[in-house]
Amino acid sequence: MPELPEVETTRRGIEPHVCGQRVSGLIVRQRRLRWPIPARLGRHLQGHRVRAVRRRGKYLLLSIGQGTLIIHLGMSGSLRILRHDQPPGPHDHVDLLLNDSSRLRFTDPRRFGAWLWSAGPGEQHPLLATLGPEPLEAEFNAAYLHALSRGRRLAIKSFIMSSQVVVGVGNIYASEALFRAGIHPARAAGRISAPRYRRLVATIKEVLTEAISQGGTTLRDFVDGEGKPGYFRHELRVYKRSGMACQQCARTIRDVRIGQRSSYYCPGCQR
DNA sequence: AGAGGTACCTGGCAGC
DNA sequence: TGCTGCCAGGTACCTC
């Protein structure tokens, strides 16, 4: 479900409701997520104030007391604010209880998500320590990508989806950014010129920024912290559009498997 | 070191 | 209707 724009949309949705509040409890109905929720998590959180809701890649970082609650939404996870208790559904695995009697509810049918604890600010946690730059920051630029890609035979789509290279670019936005940049998704990363990387960096930033402003992409069931869907799906030009005509050149959009992921491209526009 | 495959899990859908 | 197999927005971890 969530790529960077969906995680950022979630962050913005929950931040005003959660920030500044004290944690009054934690209800764990299903401990077995990607990794088991630490048995002592509730004790770390209880009674402490939520000082900030940050994001690093697709990880949400809630600064609570002196430590950090690290939340990942996986493929199918979502968070929403409940004003009052509501009967939990079968995939409502965790509730973070807040002192104004509202709660942050975590729903995740596939259970690829995670709730972890870091004693410090979170960025030093093993899962976050090796992450590449944020795509919307200045350090993510053409010179960086071009230099890093030299000699690499990996498909460009897999390359930009690697979290060591850049965080937050998932399967939807990788296809969309490559279409806008005119680059074939299977092209070897090491065989793309500096000018074309300039274009690609620009389209990655553009696609992610547009998607955030639209509240993300809702394909099946993504909703933000208040239950609203994202509208970027109306802007998708190739993703899930195989068999349809390219809006730019009218050729038929194709799909191909790259790194076990469905990838969509226009054979006329992308080389 | 880099590249590719596997694993984790549930639900929805196409095809028979 | 019911079964089977495949697909899904992520990514750590394993092997070659």
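All chains are named by letter (A, B, ...) in the order of the sequence lines, taking the proteins before the strands, and each is independently numbered beginning at 1.
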Rounding to a whole Å, what distance do you find between [X]:[atom1] and [N]:[atom2]?
X: A/D108; N: B/dC9; atom1: CG; atom2: C1'; value: 9 Å
X: A/Y264; N: C/dG9; atom1: OH; atom2: C1'; value: 11 Å
X: A/L131; N: C/dT11; atom1: CG; atom2: P; value: 9 Å
X: A/F232; N: C/dG9; atom1: CZ; atom2: C1'; value: 13 Å
X: A/Q260; N: C/dC13; atom1: CD; atom2: P; value: 18 Å
X: A/M161; N: B/dA3; atom1: CE; atom2: P; value: 15 Å
X: A/R110; N: B/dT10; atom1: CZ; atom2: C1'; value: 7 Å
X: A/L148; N: B/dG2; atom1: CG; atom2: C1'; value: 12 Å

Considering only side-chain heavy atoms of [X], which listed nucleotide, [options], is closest?
X: A/K58; options: C/dG10, B/dG4, C/dA12; answer: C/dG10
X: A/L154; options: C/dG9, C/dA8, B/dG4; answer: B/dG4
X: A/L127; options: B/dT10, C/dA12, B/dG5; answer: C/dA12

Can a side-chain donor-acceptor contact be found between [Y] and [X] if the only test is distance below 3.5 angstrom?
X: A/Y231; Y: A/T217; value: no
X: A/R257; Y: A/S263; value: no
X: A/N99; Y: A/S24; value: no

* What about A/F179 and A/Y173, are their ring centers closer than 6.0 Å? ->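 Between A/F179 and A/Y173, the centre distance exceeds or equals 6.0 Å.
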* With DNA chain B as reference, determine whether A/P90 or A/R34 sits nearer its 5' end, using the nearest nucleotide of each. =>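 Its nearest nucleotide being more 5', the pick is A/R34.
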Residue-phosphate contact under 4.0 Å: [X] side-chain N/O, [N] OP1/OP2:
X: A/R152; N: B/dA3; answer: yes
X: A/Y59; N: C/dA12; answer: yes
X: A/H72; N: C/dA12; answer: no

* Does the ring of A/F112 lie flat against the base of C/dT11, closer than 5.5 Å centre to centre with planes under 30°? -> no
Side-chain donor-acceptor distances from residues 234-251 of chain A under 3.5 Å, at least two apart:
| unit_1 | atom_1 | unit_2 | atom_2 | d |
| --- | --- | --- | --- | --- |
| A/R241 | NE | A/R237 | O | 3.3 |
| A/S242 | OG | A/D255 | OD1 | 3.2 |

* With a 4.0 Å cut-off on heavy atoms, is A/R261 in touch with a base, just the backbone sugar-phosphate, or nothing at all? -> base
* Could you tell me whether A/Y239 contacts a base, only the sugar-phosphate backbone, or nothing, with contacts defined as non-hydrogen atoms closer than 4.0 Å? =>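 It contacts sugar-phosphate atoms only.
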* Asked: When the P atoms of B/dT6 and C/dC6 are considered, how many whole Å apart are they?
  ->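 Their P atoms lie roughly 13 Å apart.
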* Span that lies between the P atom of C/dC7 and that of B/dG5, in whole angstrom ->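 Those two atoms are separated by 14 Å.
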* Give the minimum heavy-atom separation between A/E3 and A/I172, together with the two atoms involved. => OE2-N, 2.6 Å
* When you check the gap from the basic side-chain N to the acidic O, do A/R103 and A/D85 get nearer than 4.0 Å? -> yes
* Asked: Could one point to a donor on the side chain of A/R153 or the base of B/dA3 with an acceptor on the other under 3.5 Å away?
  ->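 Side chain to base: no pair present.
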* **Polar pair under 3.5 Å, donor/acceptor by atom type, side chain A/R111, base B/dC9** => no
* Return the orientation label for the A/H44 and A/W117 ring planes: parallel under 30°, perpendicular over 60°, tilted otherwise. =>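 Parallel.
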* Fill in the dot-bracket string of DNA chain C, one character per base: . for unpaired, | for a pair to another strand, ( ) or [ ] for pairs within the strand, taking Watson-Crick or G-U pairs under 3.5 Å. => .|||||||.|||||||
